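Just so we're clear, the structure is a prediction, and the values are computed from it rather than from any experiment. Heavy-atom basis, side chains included; hydrogens, waters and symmetry copies ignored.
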Amino acid sequence: MLKNLIDKSKLNGINELLTAINDKKDCSIFGLNLGQKSLLLDVLNKPMIYITTSFDVAQNISKQCDSLSLTNIICFNDVPDITTFSNSDEASVTFTKMLNMIINNKVDVVIVNPETIIKRLPKKDIYKSNQISFKKGGNVNFSGLSTMLSSMGYLRVDMINGINEYSIRGDILDIYSSEFDNPIRINFFDDEVESIKEFDITTYVTTKELSEIKINPNNSMFLLITNEVINSIKNDLNKVKIIDEQNYASLRNNVEEIILNLENNNYQISNFLLPYLNYDSSLFDYFNDKAIIVIDDVKQVYDKLQEIYLEFDKHTKALISSNQLLNSHINFLLPKENVFSNNLTKISFQQITSANRIFVPKCVLSFKSSVLTNYYGKYDLLREEIEYYLSYGYTIVIYAKDNETQSYLNRYLLEHNIDVKCVNDNEIKSQKCNLVSKYLYKGGIFVEDKIVVVSTTELLGKQEQNKVKARNKKDVFVLPKENDYVVHETYGIGLCKGVQRLKLGSYEKDYVIIEYDKGDKLYLPTEQVDLISTYISPSKNQKLNRLGGQDFAKTKAKVKSSVKELAFDLLRLYAEREHSKGFKFNKDGFGICYKF
């Protein structure tokens, strides 16, 4: 939209930025507000990694991308807990989904926080080699499928009933990847793919036939285990200086269990193993060389990275010295100096008072920031400002949401003698007032280019809601009240102690505080409230789960087993009913009816 309006004869404004980007020059940009920043995403027209410390900014950028028809994904991770022996939480699944979108060129903009870009990853070629393509009539090594799928992070079960599970029964593979709406059934004849079909998870009835599919990894860790890896873990354990007998015994048991599983090809993805896998790639290495790194408020991102590494180093050294981790775990994160050591073009958005401590810019640009009026249906005010902008040779683009609004606004402006054009957003007329029948989330003013973009939000306003939007596809979640019992998907039953605003580093954030057994507390960011649900306790003194304990995991496993058993009982019952003979009663006679 904007790129068609840029005067390429000018050496300032948006054209100067585009020239610098095309010459692969790193840029520091001053003066832009959120509306201007988000509009530039469409102008740059390149794959993009947008880094911000604010989830609110991430959501706004995502909404703008949606309105610009740019495929996008938000991935806000926390620094993983190395002591946990699982890597399959929601954040990990979202991260893997993002990698798959990048690898398969199915995303325009990924929006991440600093915690997401410091993760060690396998080389891009290794990741791509862990994709499996199935094509009807094609051949796949059927005997090696189980090992391959397990190493890709899928869980083998007898009968799938959830996402990221698979089962093999005879010559049939059932698999449910998070990328598909429904599970997939693949029939084989030896190594040949006979058929590929979607099926209903509740009835197991096939619903749709497919010609081919690609199964992507469900995890960014691949256990391509060698004797060298196992020996490294054993050597690290042997070098431990015993300080705490109890912690050491627990550590040794965990390590021996991991090694036993690895030696028997029983794959269990674990954060614990990451330092031993020799991963030295970053998220940026998964993009092609045309991609751009955008750092929104470079000072905040830099300060956050400094804080993360400082706290991680301190915390991990304490765990190592108390025999809870091994020496190699100090190398769990990507080295700080390697985070931005890539050849991708970088853009930083900065405040006038901040310095760029992440990279040395080859181009420094300063835009005149002008605040766009929120009209909210006040067309008289809109008309006055249109007249003002036109008198100075500005191009005005107004996104009127739909044909009805466009038509009404067109009549109104024509009645007041304003030359207005109803156009598509690829037919915008320079130095005119243009009405586009389309939704746009954010607008902005580019003074240097004499362009004004009025979004649907600024034109008509928006309806506010006092509910927290969840990060997944659940609609909304009302925050729990103080002293309500809640259930966390991973940690189990806890007691909500309220919502508190805490300052971490240079920014503030709202957290739901959940108390667990023995007074342990979990600080859950409000943007992650989709991980908890209200628990209706049968008693006033409900027993709380222990934070980091195994009780809740065992309860879930027990319930899952009971549900599966019930499902099989129902299937048997329905089968018996299907084959049993009923009794046919005689028809009521007329005389009986007559008496009644």
Side-chain angles (χ1 to χ4, degrees), residues 3 12-34 36-54 57-58 61 64-65 70 72-77 98-99 102 107-121 124 280-309 333-367 506:
K3 53 180 172 279
N12 62 346
I14 298 174
N15 188 50
E16 186 176 3
L17 172 61
L18 289 179
T19 302
I21 295 301
N22 289 333
D23 292 339
K24 296 191 74 67
K25 292 181 179 178
D26 296 337
C27 302
S28 283
I29 303 176
F30 295 86
L32 292 180
N33 57 39
L34 183 60
Q36 292 169 303
K37 293 173 187 176
S38 60
L39 284 170
L40 284 178
L41 303 182
D42 186 47
V43 179
L44 295 172
N45 195 30
K46 293 178 183 292
M48 194 174 303
I49 311 102
Y50 197 102
I51 308 169
T52 175
T53 58
S54 167
V57 170
I61 294 296
Q64 182 76 325
C65 287
L70 296 174
N72 66 93
I73 184 172
I74 298 176
C75 186
F76 262 49
N77 280 357
M98 176 183 68
L99 287 185
I102 296 168
V107 66
D108 299 308
V109 182
V110 300
I111 308 159
V112 297
N113 61 348
E115 289 89 337
T116 304
I117 64 175
I118 59 177
K119 185 171 183 177
R120 287 181 180 270
L121 294 174
K124 183 178 178 180
D280 55 6
S281 293
S282 75
L283 176 64
F284 306 126
D285 296 320
Y286 280 60
F287 286 84
N288 62 46
D289 58 2
K290 294 180 180 179
I292 301 172
I293 300 173
V294 178
I295 308 169
D296 194 348
D297 203 316
V298 70
K299 183 180 185 305
Q300 287 190 1
V301 171
Y302 176 82
D303 288 346
K304 184 61 181 176
L305 285 171
Q306 293 295 106
E307 176 192 324
I308 291 168
Y309 278 96
L333 300 179
L334 200 68
K336 185 164 57 175
E337 61 274 12
N338 292 357
V339 175
F340 288 102
S341 62
N342 54 72
N343 296 322
L344 300 184
T345 305
K346 303 172 186 67
I347 295 175
S348 66
F349 294 134
Q350 296 176 234
Q351 306 298 325
I352 295 296
T353 56
S354 66
N356 190 336
R357 301 177 69 181
I358 290 180
F359 64 88
V360 178
K362 294 181 180 178
C363 177
V364 178
L365 301 174
S366 183
F367 285 80
S506 54

On a heavy-atom basis, which atom in [X] and which in [Y] lie closest, and how many Å separate them?
X: N72; Y: C65; answer: ND2-CB, 3.3 Å
X: F76; Y: A58; answer: CE1-CB, 3.7 Å
X: I292; Y: K46; answer: CD1-CD, 3.5 Å
X: L344; Y: N288; answer: CD2-O, 3.5 Å
X: F287; Y: V110; answer: CZ-CG2, 3.6 Å
X: D280; Y: R120; answer: CA-NH1, 4.3 Å

Can you check whether [X] reaches [Y] side chain to side chain, under 4.5 Å on heavy atoms?
X: D296; Y: I51; value: no
X: V294; Y: K37; value: no
X: I293; Y: N342; value: yes

Could you walk me through whether D42 and Q64 pass side-chain contact (heavy atoms from CB on, under 4.5 Å), step by step?
CA-CA 10 Å; D42 186 47; Q64 182 76 325; over 6 Å; no
Pairwise distance [atom1]([X]) to [atom2]([Y]) - rounded to 0.5 angstrom:
X: I308; Y: N113; atom1: CD1; atom2: CG; result: 7.0 Å
X: L121; Y: L99; atom1: CG; atom2: CG; result: 6.0 Å
X: Q300; Y: F349; atom1: CD; atom2: CZ; result: 14.0 Å
X: L333; Y: N338; atom1: CG; atom2: CG; result: 12.0 Å
X: L334; Y: I118; atom1: CG; atom2: CD1; result: 8.5 Å
X: L41; Y: M48; atom1: CG; atom2: CE; result: 5.0 Å

Using residues 23-32 as the side-chain source, report each donor-acceptor pair under 3.5 Å to any protein atom, sequence neighbours left out, with the distance given to one decimal.
unit_1 : atom_1 : unit_2 : atom_2 : d
K24    : NZ     : D289   : O      : 2.9
D26    : OD1    : K346   : N      : 2.9
S28    : OG     : S348   : OG     : 3.1
S28    : OG     : Q350   : OE1    : 2.6
S28    : OG     : N356   : ND2    : 3.1

side-chain contact (heavy atoms from CB on, under 4.5 Å) partner of I21, the single match among V43, N45, I347:
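The option that passes is I347.
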Taking side-chain contact (heavy atoms from CB on, under 4.5 Å) as the criterion, tell me which of L305, V339, N77, I295 meets it with P114.
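Of the listed residues L305, V339, N77, I295, the side-chain contact (heavy atoms from CB on, under 4.5 Å) partner of P114 is L305.
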Donor-acceptor contact present, side-chain N22 to main-chain T19, <3.5 Å
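Not confirmed, N22 side chain does not pair with T19 backbone.
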Using a 3.5 Å distance criterion without hydrogens, assess whether the side chain of T116 forms a donor-acceptor pair with backbone atoms of C75.
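Answer holds: yes.
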Output, in order, the C-alpha distance, side-chain angles, deciding distance and verdict of side-chain contact (heavy atoms from CB on, under 4.5 Å) for D297 and T53.
CA-CA 8 Å; D297 203 316; T53 58; over 6 Å; no
